[in-house]
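Notes to accompany the following structure.
Because only heavy atoms are used, hydrogens play no part in the values below, and waters and symmetry mates are left out as well, while side chains stay in. Just follow the structure's listing: the first ligand is 1, and inside any ligand the first atom is 1.
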Amino acid sequence: MTTTEFKPEPTTIVIFGAGGDLTWRKLTPALFDLYTDNWLPEHFKILGVDIKPLKEDEFCERVRDGVTKFARTYKENEGKLGDFLIHVDYLCADFKNPQEIESLASRLTDIDQEWDTQANHIFYQATPPEMVETIVQQLAHAHLNRDRKHARIVLEKPFGHDLASAQELNGMLTSAFAESQIYRIDHYLGKETVQNILAFRFANALFEPIWDRRYIDHVQITVAERVGVEHRGAYYEHAGALRDMIQNHLLQILCLVAMEPPVLFEADEIRNRKVDVLHAIRPMSQEQVIHYAARGQYSEGWIQGERVNQYRAEPGVSSNSQTETYAAIKLFIDNWRWQDVPFYLRTGKRLPTKVSIMSIEFRPVPHQTFPATALASWEPNRLIAYMQPREGIHIDFLAKHPGPRMRLSPVNMHFTYQEAFQSSPPEAYETLLLDVILGDQTLFMRDDQVEAAWKVITPILDAWQDQGRPNFPNYTAGTWGPEMGEVLIARDGRSWFEPPVIEDDEAGMGGKKEVAPEG
Ligand code: BG6
């Protein structure tokens with residue numbers, strides 16, 4: 001993506017929590033990639049803010065290190081790093097101290113004066129969630145929230161831990177910023193392949209006519225990770241797989257798969273169609289949870305020839321933790337398009353491979369023309385979107401097996417990004433940061449979307465709470481999860497689509513270990 005078509009307006013990105021992992025690993029490398037691909041305006045500044053007493057050149061050193069290790073375009077643009085770092089500044093400040101926020105305000109005014117313009121001021125919260133309220137209040141106190149056109153705030157999940165806390169958080173945010181200034185990140189929406197679900201469905205005449213209950217038997221969404229919780233045990237203990245992944249990433253994918261066609265490719269139109277899906281999800285009663293939801297926690301096991309610890313032995317995790325590292329749920333969407341079509345969603349840590357897929361299984365033909373002998377290897381038509389790795393789309397169908405007799409065999413057609421475009425897709429954070437700079441909210445979560453998603457999963461969280469202590473650990477690291485997860489789908493006479501196990505190197509990770517971003 002190299003362009004000189006247009007340039008966004010002058011922009012200062014203030015990163016709160018600039019000394020942390022997210023800034024180092026994701027944000028500044030993504031900004032470097034945008035810079036080298038020529039997407040950033042001539043006037044832009046990255047102003048890192050943190051309580052850590054770093055000197056400006058120490059902060060620049062950290063940015064340099066992150067870019068060198070993680071930026072997608074670093075290898076071919078090594079020579080541009082020095083110029084990029086000219087745009088990086090640091091402000092050591094205690095967010096709780098109003099005077100120090102005043103000094104941020106005057107720094108921003110100075111930058112605007114130097115550029116002789118009113119620049120965009122983007123406030124990126126890369127801090128732990130408990131800091132958010134203080135920062136928002138301080139920004140409001142210093143009137144940095146006032147300019148509705150230029151002031152924007154960016155937030156990372158978690159957006160609450162249940163419906164009530166999400167409503168409280170949204171209330172606090174909207175008391176200081178208008179919804180049009182708030183950018184809630186779900187990094188899955190920045191993934192090229194997740195956005196491609198929209199292109200695939202609504203740019204082609206071929207698929208949409210069969211995209212409903214008349215032709216589709218069921219839909220599966222699997223987001224599997226090979227990693228455990230790594231250094232994030234303390235956060236994860238209060239989250240678990242349902243909150244950490246299903247409430248946001250998997251439900252967002254589901255919305256894109258199930259939404260009605262938008263009239264326009266425009267932020268609120270798309271977000272309205274997505275929220276319609278969430279509102280149409282059939283509420284689960286406490287009694288249904290036992291059949292419609294499964295949870296698990298990993299015990300020790302083997303992954304890629306390495307012995308790995310059980311979850312309860314991970315740093316920051318209680319030795320009798322009840323937190324689920326695997327969750328699977330079955331949902332129904334009560335509308336004309338999807339009535340009675342099950343959507344099966346599952347996610348887990350320490351599964352055999354890292355893969356995110358959406359798979360649609362179609363119904364059999366209404367009348368079987370071919371004799372039973374021709375159908376010995378019959379398989380349903382299936383469409384599989386690989387969101388990562390080996391990004392692409394596969395379609396499984398039946399063809400006549402060569403030979404004198406009529407015999408049908410499953411075959412497939414596939415498209416991969418790598419083959420079609422000869423390039424790997426940009427990182428999600430590149431897309432999302434550019435959209436914030438451009439003021440495009442399409443890929444960000446609106447307050448009502450967040451709350452509607454919590455409404456879907458809160459009954460499950462409540463039922464699990466009431467069910468008491470689960471029998472954890474209940475799956476071995478390196479396997480596809482607990483038996484209950486299999487039972488959830490097997491009870492309906494179906495099974496999980498099992499993606500191929502991909503070795504790290506094959507997964508395009510260049511031998512780098514798969515690492516979870518901050519949640
Ligand atoms: C984050 C979760 O939102 O997504 C992590 O908090 C998880 O637990 C990560 O590892 C997965 O993201 P990706 O892009 O690697 O699939």
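The ligand atoms of ligand 1 that sit less than 4.0 angstrom from a heavy atom of Glu225 are 7 (C), 10 (O), 11 (C). Heavy-atom proximity to Gln388, at under 4.0 Å, picks out these atoms of ligand 1: 13 (P), 16 (O). Of all atoms in ligand 1, listed by their number and element, those nearer than 4.0 Å to a heavy atom of Asp244 are 2 (C), 5 (C), 6 (O), 8 (O). Shown in contact with Lys349 at under 4.0 Å from a heavy atom are these atoms of ligand 1, numbered in order with element: 5 (C), 7 (C), 8 (O), 10 (O).
Cation-pi check for Lys80 over Phe84 is not met; the charged atom does not lie both under 6.0 angstrom from the ring centroid and within 45 degrees of its normal. A cation-pi arrangement is absent between Lys330 and Tyr344, since the terminal nitrogen or guanidinium carbon is not both under 6.0 Å from the aromatic centre and inside a 45° cone about the axis. Cation-pi geometry between Arg282 and Phe332 is satisfied (NZ or CZ under 6.0 Å from the ring centre, within 45° of the ring normal).
Below 3.5 Å of separation, one finds no N or O of Tyr236 facing any N or O of ligand 1. Considering backbone and side-chain atoms together, Lys354 places an N or O closer than 3.5 Å to an N or O of ligand 1.
Ring-plane geometry between Phe207 and Phe200 is classed as parallel, the angle between the planes falling under 30 degrees on a 0 to 90 degree scale with a further cut at 60.
Arg350 has no carboxylate O lying under 4.0 Å from a charged side-chain N of Glu225, or vice versa, which leaves the two without a salt bridge.
Within the 4.0 Å heavy-atom criterion, the part of Tyr188 lying near ligand 1 is the side chain and not the backbone.
Counting only heavy atoms from C-beta outward, the side chains of Glu192 and Phe421 never approach each other to under 4.5 Å.
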